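Here is the structure we will look at, set down as structure tokens.
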Amino acid sequence: MKTVAETLGVARSNLHDKVRQAAKPRASYRKPDDDYLLPLVRRLIGERPTYGYRRITGAGQQRTGQDG
């Protein structure tokens, strides 16, 4: 660990924290106000499985009448 830290030019404690932090799984991001959108997004993905998040967002905005 010492050699890696010296090579990267960072403190060993910083490197140790980064290594340990990567092992922790991230919690899912969810806003309570957005619960009504989940069924819509799942339906859109089912209808258009090749769409990426940008196209799904646009389609969802069209269906809900929101401006992007």
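Remember, predicted model here, so these are calculated numbers, not experimental data. Side chains included, hydrogens not; waters and symmetry mates left out as well; all remaining heavy atoms used.
Atoms CG and OG1, on L37 and T57 in that order, are 10.0 Å from each other to the nearest 0.5 Å.
By the side-chain contact (heavy atoms from CB on, under 4.5 Å) test, D33 pairs with no residue at all, sequence neighbours left out.
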Contacts table for residues 42-51: side-chain donor-acceptor under 3.5 angstrom, sequence neighbours left out:
from, atom 1, to, atom 2, distance (Å)
E47, OE1, R63, NH2, 2.9
Y51, OH, R55, NH2, 3.4

